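The block underneath contains the structure these notes are about, expressed in structure tokens.
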Amino acid sequence: MEYKVKIDSFEGPLDLLLHLINKLEIDIYDIPAAEITNQYLLYVNTMHQLELDVASEYLVMAATLIAMKSRSLLPDHSSDEDEYLEEEDPREELTRRLIEYKKYKEAAIKLQEREEERTKLFSRPPADVLFAPSGEGPLNVSIYDMLGAFQKMTRRKKMAVPRQATVRREEISVEARMEVLLKTLKEAKEPVLFEDLFQSNERDELVASFLALLELMKQNEITVTQQGNFADLYVISGGKQ
Amino acid sequence: MTNESIIESLLFAAGDEGLSAEQMASVLDVDVQTVRNVVEQMAETLLHDETRGVTITKYGTEYRMMTKKENASFIQALADKPSPKTLSQAALETLAIIAYNQPVTRMEVEDIRGVKTERPIATLAARGLIEEAGRAEGAGRPILYATTNEFLDAFQLNSLDDLPPLSEGEVSIQQEADLFFGRFEEAMDEMAEE
Amino acid sequence: MTNESIIESLLFAAGDEGLSAEQMASVLDVDVQTVRNVVEQMAETLLHDETRGVTITKYGTEYRMMTKKENASFIQALADKPSPKTLSQAALETLAIIAYNQPVTRMEVEDIRGVKTERPIATLAARGLIEEAGRAEGAGRPILYATTNEFLDAFQLNSLDDLPPLSEGEVSIQQEADLFFGRFEEAMDEMAEE
């Protein structure tokens, strides 16, 4: 069942074909019918073997490709011009579709870049006093206006208030910090400045480090010294004598 | 970018709730006193710069960016003009939150929006799109709001079940797909070798 | 107070709802072109002032104050939630086809993509990026889809004219090249004759 989603990573048979064209480094205007058909069928067969749910579009395309391949194997009737003009070359039709599709696939990439850029810009909610009742008259809004406003809101940032940090500290375990700090202090031959033990800017890590130091003091694994009021604190491994 | 620039960005995006010097210091990687000095200096400059329309003020431990009180009449004038749209974004946001979370208190709506929501709620109630739906348990027993039949009407919905789902969980499907992509190509290559 | 000061106050108060030049002009009691000039000048100055953390951007007809993108990481660091999910490849392709061909039916989109497109369309509608825009003539009168203002906002476009031009594929480049060489040869011939 998990494999079902795999097909999503190719956006349909045209996408798969573009992938193959790139991989085989062949000319989109001169697709070798036999080679591309074999490769394509190999993919579709593999999907079957892996018990993927092959969407019908893939099978339709497979049929088209097989027709294209068999046509390319037939003797060339191009001398009979009237007959030749009557039906469109399936290869040309496929090329046309691939080029059309590729155009939008590229546009999608450009949109994605813009979308990412947009996520770096933030605004603030409109002030409560503004945009008061718009008066009488029929309401001319749609559900899409509401969804649009909702999206705008989700793009705004709500700043984390300090009290949330204490909830999050559990993510970094105090035990882990105790180990790290003890190792640091043992390796340092001399007392370490208290501040130097707090290298991170992550609030939860700072909190974990602080709790770890308290715990180590309690367990008499480290000693904290201070020369006088407001003087620097130094930490050294080993308990009080 | 300068500390001033970053602080302006932070205070602007923080909205009405403001930020403490500690919060700003934690992301700026400077000490709290430095932040305080920079912010106080900025506030001073803003106050005297006639081309600027905002100030920074301190409430308790939080610094907040606000419009200058000298310009209040212009904002009031803007507030008095009817919105060119039939519902403002503030009202639409509020409506979306109520529609998808009903019944819900004003506090909960404000929590999600990060801004006071009295007026949008009054607007929506006046337009008959939302109504009171009892009271919540707990302190103060605040009013609960829910959407009305008129809401369904206005947005051409048969029922609340017709509200489009808000998230599709696309990312995780994409990731699963990517994860599998490698395995699939491997299998392909093996078959090709046979 | 100066016009700059008042405009800053107004844009600040409007937040991500934004304001049109007309709205600001009506409050300032100056003509719309004057507002446009002042706002564009302010936007330009903000962009280059390293001590400022906000910019003024325009989408559709609205001007809006936003944080500078260079400061994004600092805001993210303080924010309590990740940015909203970006769209999947399927949704982006579908959106591109709708954006460049609107209004357009689902069938037409599926014709270009060569694959069923119900789900991406539902996702885009739920995100408020596309909306129904009437019905096509002909059998079954299928729904037509078009992009919304939220689409312009989400992709930083002033208007649909700002969409990056579609590459015409190699065909047109080939044709242009043929055209160029044709002319080139003509010119060569002319020169040879002289």
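Predicted model, so just to flag it, every value in this text is computed and none were measured. Just so it is clear: chains get the letters A, B, ... in the order the sequence lines come, proteins before strands, and each one is counted from 1.
- Heavy-atom distances place both the backbone and the side chain of C:D16 under 4.5 Å from chain B.
- Listed in order of number, the residues of residues 144-161 of chain C that approach chain B to under 4.5 Å between heavy atoms amount to none.
- A side chain to side chain donor-acceptor pair (under 3.5 Å) with C:S5 holds for exactly one of B:N71, B:D49, B:T51; it is B:N71.
- Summarising the local packing, CD of B:E137 is surrounded by 12 or fewer heavy atoms from other residues, nucleotides or ligands at distances under 6.0 Å.
- In B:K58, the NZ atom is crowded: over 12 heavy atoms of neighbouring residues, nucleotides or ligands sit closer than 6.0 Å.
- Chain B forms more heavy-atom pairs under 4.5 Å with one residue of C:S26, C:G15, C:A125 than with any other, namely C:S26.
- Among C:R52, C:E4, C:E50, the residue making the largest number of heavy-atom pairs under 4.5 Å with chain B is C:R52.
- Looking at C:S73, there are no atoms closer than 4.5 Å to chain B (heavy atoms on both sides), in backbone or side chain.
- With a threshold of 4.5 angstrom between heavy atoms, C:A77 approaches chain B through its backbone and through its side chain.
- C:S9 contributes a side-chain N or O that, together with a main-chain N or O of B:G53, makes up a donor-acceptor pair within less than 3.5 Å.
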Is there a side chain to side chain contact (heavy atoms under 4.5 Å, CB included) between C:L19 and B:L78 once you walk through the steps? CA-CA 10 Å; C:L19 288 173; B:L78 186 63; 3.8 Å; yes

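- Contacts of B:M66 with chain C are made by backbone atoms alone, with heavy-atom separations under 4.5 Å and no side-chain atom involved.
- In terms of non-hydrogen atom pairs under 4.5 Å with chain C, the most contact-rich of B:M24, B:M65, B:E93 is B:M65.
- Separating the CG atom in B:L28 from the CZ atom in C:F74 is a distance of 6.5 Å, to the nearest 0.5 Å.
- Between C:I75 and B:V27, the closest side-chain pair of non-hydrogen atoms is not below 4.5 Å.
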